[in-house]
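The residues of the chain are indexed from 1 along the displayed sequence. Start at 1 and go down the list; that is how both ligands and their atoms are numbered. None of the values given here were measured: they were computed from a predicted structure.
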Amino acid sequence: MSTASFPEGFVWGVSTSAFQIEGATAADGRRPSIWDTFSADRAEACDHYHRYPEDVRLMKDLGMAAYRFSVSWARILPDGRGKPNAAGLDFYDRLLDELGAAGITAYATLYHWDLPQAVEDLGGWPARDTASLFADYAAAVHERLGDRVDTWFTLNEPWVAAFLGYGSGIHAPGRKSAAEAFRSAHHMLLAHGLGVQALRSAGAAKVGTVLNLSPVMTPAQVSDFGRTLSEEDAEAVARIDALVNRQFLEPMLRGAYPAELLPIVERHGGLGHVHDGDLEAIAQPLDLLGVNYYTPLVVQAQPSEPADPAHPGSEGILFCTIPTAVTAMGWPIVPSCLSHLLGRVSREYPDLDLMVTENGADFVDVVTGDGIHDVERISFIEEHLRAVRAAVEDGARVRGYLVWTLLDNLEWADGYQRKFGLVHVDFATQRRRLKDSALWYRDVIRRNGLTETRPKRPTLETVAARSGVSRATVSRVVNGESSVSPEVRAAVMQAVNELGYVPNLAARSLVTRRTNAIALVLSVPRQGGDALTAAVVQYVTSLLEGAGKQITLMLADTAESHRRIVAHLEARLADGVVLLPPDRADTLAERLSRTGVPIVLLGKPAIASLVPYVDVDNAGGAAAATEHLLALGRRRIGMVCGPTDLITVQDRLAGHRAALQRAGLRPHLALAELTRSSGAAATRRLLGDDPSLDAVFAATDQLAIGALQAAREAGKRVPEDLAVVGFDDIDAASATTPGLTTVRVPVADQALALARLLLSRLEGRHTTSVVLPTRLVVRESA
Ligand code: FCB
């Protein structure tokens with residue numbers, strides 16, 4: 001078998017970070033970091049602080065050449081300043097000795113997001129002094145550990161730390177201010193520059209930093225990267241690239257901010273925090289740039305789109321979901337982007353060595369009697385490694401690849417539910433178990449490459465034939481059943497090992513009676529929002545497939561099909577059901593749930609029941625839309641209402657009514673079917689009843705588009721004479737003239753919630769329904 005090999009000396013390893021694995025948050029003088037304060041989860045994490053010898057041994061057994069970890073600032077300088085805490089440094093001292101003995105090269109990150117709370121209390125990253133406190137900290141760590149660290153990384157992903165921590169507030173410390181986010185970013189850059197200087201003057205040989213770099217593109221470019229863009233889209237792409245990538249690359253490597261960034265920062269609190277000489281201090285020569293890549297950023301120009309809080313300055317740009325496979329995090333999987341990214345950075349900075357310092361994926365892992373067969377994670381890493389190799393062949397200076405991550409861990413604001421590890425951790429017992437991906441990665445490291453073609457997988461039959469037993473017996477052995485004699489078990493295991501057999505779903509289900517099939521039942525026809533429903537279905541399919549499930553699509557359109565589906569479940573041909581119930585009262589959900597097979601619904605069912613569902617906040621969205629019209633001074637507001645036997649319409653009507661009531665107003669309704677022409681007709685009726693009507697809220701975008709048409713025909717200017725708001729934010733809503741103000745429903749989040757709900761039910765956990773927030777998208781129509 002030939003090998004797609006990597007250059008000699010290519011560095012293989014894994015990355016971790018202190019807060020995510022160490023635990024022991026109060027040990028040996030450590031004091032809280034901003035993540036201890038912010039996180040809702042208990043912070044024992046993987047107890048790596050005590051179990052590091054076992055973790056280093058795991059890495060050694062897997063053949064890792066490199067380990068990137070981070071140092072917890074709050075262990076070293078618990079109060080942010082003063083004398084370094086020797087007991088905190090001792091831990092890293094022990095760790096480095098252990099790594100040294102295992103022959104593993106140490107890459108140390110100094111700041112992976114866990115600012116001492118004491119430093120936050122002094123002002124945190126928006127305060128300039130934090131940069132010099134960081135440099136002092138860097139010097140203290142170097143003084144004690146410098147002899148055993150091969151390469152120092154100053155920061156990890158400063159964009160995330162600044163813009164999620166101080167901009168959108170979804171990360172610690174949870175502040176929400178665009179101005180503070182930009183100040184934080186600048187002070188992190190300054191901390192980097194001062195930190196590099198401190199390390200160098202203490203004699204550090206190799207110093208670098210780690211950035212999260214995301215290729216930015218339009219939806220069309222995902223499959224056709226070279227595609228030329230309209231002027232507006234090209235501007236949108238360049239602006240996001242400046243905000244996320246070049247805001248950090250260019251000061252560090254060129255000593256200047258990107259030109260298009262400065263006016264944005266100017267508008268958000270000004271540039272007063274950028275002092276003379278800062279950029280010279282920031283632009284220190286670097287030996288290595290760490291690139292963390294997970295997924296691209298997909299955007300397009302979208303007039304009147306409000307700025308995303310994590311991307312201040314992104315007004316008029318829409319962040320798009322794209323129809324690709326996604327990880328359980330909902331992140332689109334696009335390996336080719338990693339080649340583009342590495343190629344681009346190498347072309348722009350030809351003298352710089354690069355290392356992929358993080359790449360990996362969250363998937364739902366299933367622990368079986370014979371291991372954790374995380375085939376999706378293997379494919380993810382394999383495809384990304386092929387992308388790295390392609391970039392290297394094109395001349396990119398990529399020196400190594402580190403998987404994120406060694407252990408399942410505490411994934412920041414998402415807690416313990418995320419599974420990025422090559423090694424499974426049972427958080428109740430702290431037991432570590434290698435996933436198949438760990439063993440697969442060990443083989444990649446051993447041969448310094450990928451196998452050119454994937455070997456044909458041996459099947460259950462091959463194993464049965466080789467060991468001279470039946471398929472059912474093989475299945476029993478791989479499922480760990482005790483009814484098999486030791487001799488037979490030994491024979492089967494020998495065949496399994498010799499053939500390199502990875503038990504597949506069929507082998508497991510033969511005995512466990514699990515089918516691993518999920519029935520996706522669609523009630524058709526559904527009215528309105530069809531494209532959105534289709535998108536949710538596509539995402540949910542991808543997510544469940546990612547969790548190792550096979551999806552069987554079943555249409556519930558006739559009484560006969562209902563019977564067939566019920567019989568299918570009664571025969572246990574599926575483990576679970578995702579049902580898109582019909583809009584109108586119907587008993588299918590109840591009948592299916594009586595079969596005892598776990599079921600989840602997309603959308604609140606017409607008949608109240610205990611079956612859990614995922615829905616969006618229709619009432620809240622309608623209230624927000626109505627309040628927006630009221631805030632614009634509109635008082636004569638009509639509603640183009642869809643059929644009131646539809647639950648969605650009922651909820652939107654209720655939200656509209658409640659908002660009007662709070663303002664002391666009464667609703668004026670015109671009923672319609674869910675079509676544009678019906679929306680136009682209903683609007684004409686509203687205008688007929690009240691010629692001075694000044695606003696229309698329509699229950700869906702299709703109806704709202706009809707309303708725009710009726711307004712035009714009646715000679716009304718939108719929004720001057722008549723403001724119009726829709727609901728759903730379908731693609732067409734951005735293409736109307738004027739653009740339609742509407743309420744966006746979160747498509748990918750619905751799919752994620754559905755998949756999660758179902759998987760929890762399959763594991764027998766208690767589940768409750770989920771209602772996701774909607775968001776008003778203001779465009780010119782109102
Ligand atoms: C990166 C972080 C890392 C981990 C992965 C999933 O942004 O650096 O700590 O959270 O994402």
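- Between the Glu157 side chain and the Leu211 main chain, no donor and acceptor come within less than 3.5 Å of each other.
- Under the 3.5 Å distance criterion, the side-chain polar atoms of Arg377 are matched with a main-chain donor or acceptor of Lys419.
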Every pair of nitrogen or oxygen atoms between ligand 1 and the protein that is under 3.5 angstrom apart - can you list them with their distances to 0.1 Å?
unit_1: ligand 1; atom_1: 7 (O); unit_2: Glu157; atom_2: OE1; d: 2.5
unit_1: ligand 1; atom_1: 7 (O); unit_2: Glu157; atom_2: OE2; d: 3.0
unit_1: ligand 1; atom_1: 8 (O); unit_2: His112; atom_2: NE2; d: 3.3
unit_1: ligand 1; atom_1: 8 (O); unit_2: Asn156; atom_2: ND2; d: 3.0
unit_1: ligand 1; atom_1: 8 (O); unit_2: Glu157; atom_2: OE2; d: 3.4
unit_1: ligand 1; atom_1: 8 (O); unit_2: Glu358; atom_2: OE1; d: 3.0
unit_1: ligand 1; atom_1: 8 (O); unit_2: Glu358; atom_2: OE2; d: 3.0
unit_1: ligand 1; atom_1: 9 (O); unit_2: Gln20; atom_2: OE1; d: 2.7
unit_1: ligand 1; atom_1: 9 (O); unit_2: His112; atom_2: NE2; d: 2.8
unit_1: ligand 1; atom_1: 9 (O); unit_2: Trp412; atom_2: NE1; d: 3.0
unit_1: ligand 1; atom_1: 10 (O); unit_2: Glu411; atom_2: OE1; d: 2.9
unit_1: ligand 1; atom_1: 10 (O); unit_2: Glu411; atom_2: OE2; d: 2.9
unit_1: ligand 1; atom_1: 10 (O); unit_2: Trp412; atom_2: NE1; d: 2.9

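- Under a cutoff of 6.0 Å and an axis angle of 45°, Arg42 and Tyr416 form a cation-pi pair.
- For Arg246 (side chain) and Pro258 (main-chain N/O), no donor-acceptor pair under 3.5 Å exists by modelled atom type.
- Taking the six-membered ring for Trp, His311 and Trp159 have ring centres closer than 6.0 Å.
- Ring-centre distance between Tyr111 and Trp125: below the 6.0 Å cut-off.
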